[in-house]
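Report on the following structure.
Keep in mind that what you see is a predicted model, and the values were worked out from it rather than measured. FYI, side chains are in, hydrogens and waters are out, and symmetry mates aren't considered; it's all heavy atoms of this structure. Sequential numbering from 1 along the given sequence is applied to the chain's residues.
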Amino acid sequence: MKGNSLKEISLKHLFKKENALFITIITILILIIYVLLTISNLVVDYYYSMNRYNYLSRTLIVEKGDKSEKDLDDISNINHVVENVSNKYYNEFFAPILERDEGQVAIGAIINNNDLKIVKGRNPENLNEIVIPVKFCPYNEFDMQKDKFINGNKLIGTTFTIKSDKSVNYNLDHDDPKYLEMMNNREIVTLTIVGTYDSTANLVEADTAFATMETIDNLKSPYHGGHGITDSEGNSTFYNDEYVDRMIRVDSYKNLDYVKNELTKQGFYYWEVMGIDLIEFLTILLVPLVVSIILLIVAFVLIKNFIKKKLNNRHTTLGLLKAIGYTNKDIKKLEFTENIIITLFCTFLAFIIYFIVYLIVTKNFLAMFDYYSFVVKIPILLIIILIIFMIIFIKIINNKVTNNILKQNVLQLIKED
């Protein structure tokens with residue numbers, strides 16, 4: 001009898017007016033906490049994902065300086081250095097797609113086939129073959145919208161054309177008619193899409209295609225720029241700047257410091273291709289995290305006060321329950337059941353609202369994250385931990401307050417109301 005009675009009494013109490021305001025306030029607080037936990041999780045996930053998955057986080061550009069080519073080649077002998085190539089293959093080759101009025105593509109060099117996770121088709125093997133992201137967005141980040149993403153799998157086997165810079169040199173003034181003629185007469189190259197890759201596996205932009213280094217040689221100028229010198233008489237002479245530095249990649253981000261120390265010992269100057277400032281990362285993380293903690297404390301205080309006030313107003317009810325044979329354990333279980341149902345209802349209601357907002361925001365307002373191939377995840381683990389802490393807290397407060405009240409005998413409890 002008692003088992004069913006406990007459930008019936010708990011459910012009956014749920015619909016009392018005293019619970020309505022509490023449910024509203026706690027639901028709003030938990031909803032805000034969910035959002036702040038998502039932001040905190042986003043910051044942490046982005047930081048560690050970039051370091052772990054993006055190959056640029058373990059890439060260094062080593063300056064030639066006064067070193068010989070042999071010195072540069074010997075960098076390959078440093079432990080954990082897995083690639084040592086010309087810095088020509090560092091920057092992507094950006095080019096407008098001639099078939100599209102606004103479209104562009106960035107073509108990176110495949111230094112190691114393991115850098116890409118092929119989804120459909122195959123890796124490029126021949127000249128002018130490329131792979132594109134599954135979610136392909138051939139537009140720059142300032143002109144990017146959700147409706148501009150294309151299913152890359154449907155483009156396998158198709159072609160598009162761009163202009164090659166292979167014949168471009170920089171020993172001419174940009175205002176020189178010969179320079180303009182050279183740019184206008186650049187070779188048109190037809191690129192064939194032979195596969196798609198998962199851009200979220202290495203967190204590269206959605207406009208980035210990849211090709212063999214031979215294809216990059218066929219697209220890029222052998223010079224990365226030029227410089228001019230003007231003499232005392234005002235005559236200017238322009239020179240081409242060749243690629244002389246090296247791009248090296250380390251096998252793992254955790255070994256990057258070791259390689260950097262070895263390069264320093266050998267007298268090399270280098271710079272990191274991509275670095276996330278730890279102080280900036282912690283600053284961005286701490287703001288939502290601190291606010292979450294403050295709101296969590298407020299929620300716990302409200303839950304505590306709600307339980308205390310509700311139980312203090314139920315002395316007669318608790319006394320009657322004792323009078324008809326309910327033990328202290330039964331009564332504590334009854335009150336805990338009611339409080340935990342209310343709290344779980346608040347967390348569930350808050351999650352439903354949160355999930356709806358999450359879908360709307362990620363679908364309509366976070367296209368930039370899609371462009372950078374980063375998935376904004378729901379922090380399920382953090383939410384579960386939050387709920388567990390709330391259940392434990394409610395259990396402790398419920399037992400403590402109920403024990404204090406039930407120390408009185410039945411007559412005292414009934415008279416107090």
Side-chain angles (χ1 to χ4, degrees), residues 1-38 292-358 378-408 413-414 416-417:
M1 177 192 77
K2 286 182 181 179
N4 292 331
S5 298
L6 286 173
K7 292 180 181 179
E8 290 174 5
I9 294 172
S10 297
L11 292 174
K12 185 178 179 181
H13 284 173
L14 287 178
F15 300 101
K16 288 191 173 183
K17 291 182 180 180
E18 63 186 16
N19 293 332
L21 181 60
F22 173 77
I23 290 174
T24 302
I25 295 174
I26 295 300
T27 299
I28 293 173
L29 283 174
I30 293 176
L31 174 61
I32 297 173
I33 292 171
Y34 285 165
V35 173
L36 292 171
L37 287 178
T38 302
S292 297
I293 293 172
I294 293 172
L295 288 178
L296 194 58
I297 293 173
V298 171
F300 279 9
V301 171
L302 287 175
I303 292 172
K304 178 183 177 181
N305 291 338
F306 171 75
I307 293 174
K308 289 179 67 175
K309 182 179 179 181
K310 185 174 67 171
L311 288 173
N312 286 330
N313 291 334
R314 288 188 179 176
H315 283 203
T316 299
T317 302
L318 298 180
L320 290 174
L321 289 173
K322 289 188 70 172
I324 62 176
Y326 282 88
T327 65
N328 288 355
K329 182 179 179 181
D330 292 332
I331 295 172
K332 284 191 289 185
K333 183 177 180 182
L334 184 151
E335 292 298 333
F336 174 72
T337 301
E338 179 182 337
N339 292 328
I340 206 65
I341 290 175
I342 292 173
T343 304
L344 290 177
F345 175 77
C346 292
T347 58
F348 179 74
L349 179 60
F351 185 80
I352 294 298
I353 299 171
Y354 161 82
F355 188 68
I356 293 172
V357 173
Y358 169 85
I378 296 176
I380 297 295
L381 180 60
L382 292 177
I383 290 175
I384 292 174
I385 292 173
L386 170 65
I387 294 173
I388 292 173
F389 270 116
M390 294 183 74
I391 292 172
I392 295 173
F393 178 77
I394 291 170
K395 180 74 173 178
I396 294 171
I397 296 300
N398 183 82
N399 288 347
K400 182 178 179 181
V401 176
T402 308
N403 283 334
N404 290 335
I405 294 174
L406 295 178
K407 287 178 182 178
Q408 306 174 66
L413 290 172
I414 296 174
E416 283 193 18
D417 279 355

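- T343 places no side-chain N or O within donor-acceptor distance of the main-chain N or O of I340, the cut-off being under 3.5 Å.
- Residues T402 and F336 fail the side-chain proximity criterion, which asks for heavy atoms closer than 4.5 Å.
- In this structure, I33 CD1 and I294 CD1 are separated by 11.0 Å, a value rounded to the nearest 0.5 Å.
- To the nearest 0.5 Å, atom CD1 of residue I28 and atom CD1 of residue I353 are 8.0 Å apart.
- Looking only at side-chain heavy atoms (C-beta outward), Y358 and V35 stay at 4.5 Å or farther from each other.
- Separation of atoms SG (C346) and CD1 (I303) is listed at 8.0 Å; rounding is to 0.5 Å.
- Distance check, rounded to the nearest 0.5 Å: CG of N398 to OG1 of T337 gives 8.5 Å.
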Which is it for F345 and T27 under the side-chain contact (heavy atoms from CB on, under 4.5 Å) test, yes or no, and what are the steps along the way? CA-CA 9 Å; F345 175 77; T27 299; 5.6 Å; no
Report the C-alpha separation of F300 and L296 in whole Å, then their side-chain angles, then the decisive distance to 0.1 Å, and conclude whether the side-chain contact (heavy atoms from CB on, under 4.5 Å) test is met. CA-CA 6 Å; F300 279 9; L296 194 58; 4.0 Å; yes
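- Counting heavy atoms from C-beta outward, I397 and V401 have side chains that approach closer than 4.5 Å.
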Using side-chain contact (heavy atoms from CB on, under 4.5 Å), reason through I387 and F351 one step at a time and then give a plain yes or no. CA-CA 11 Å; I387 294 173; F351 185 80; over 6 Å; no
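- Smallest separation of non-hydrogen atoms from F393 and K304: CZ-CB, 4.0 Å.
- Smallest separation of non-hydrogen atoms from A350 and I30: CB-CG2, 3.8 Å.
- The distance from the CZ atom of F306 to the CD1 atom of I25 is 10.0 Å, given to the nearest 0.5 Å.
- Distance check, rounded to the nearest 0.5 Å: CG of L382 to CG of L37 gives 5.5 Å.
- Between the side chains of T38 and Y354, at least one donor N or O sits under 3.5 Å from an acceptor N or O.
- Taking all atoms of both residues into account, the shortest heavy-atom contact from T347 to L344 is OG1-O, 2.7 Å.
- The main-chain N or O of N399 is found under 3.5 Å from a side-chain atom of N403 such that the two form a donor-acceptor pair.
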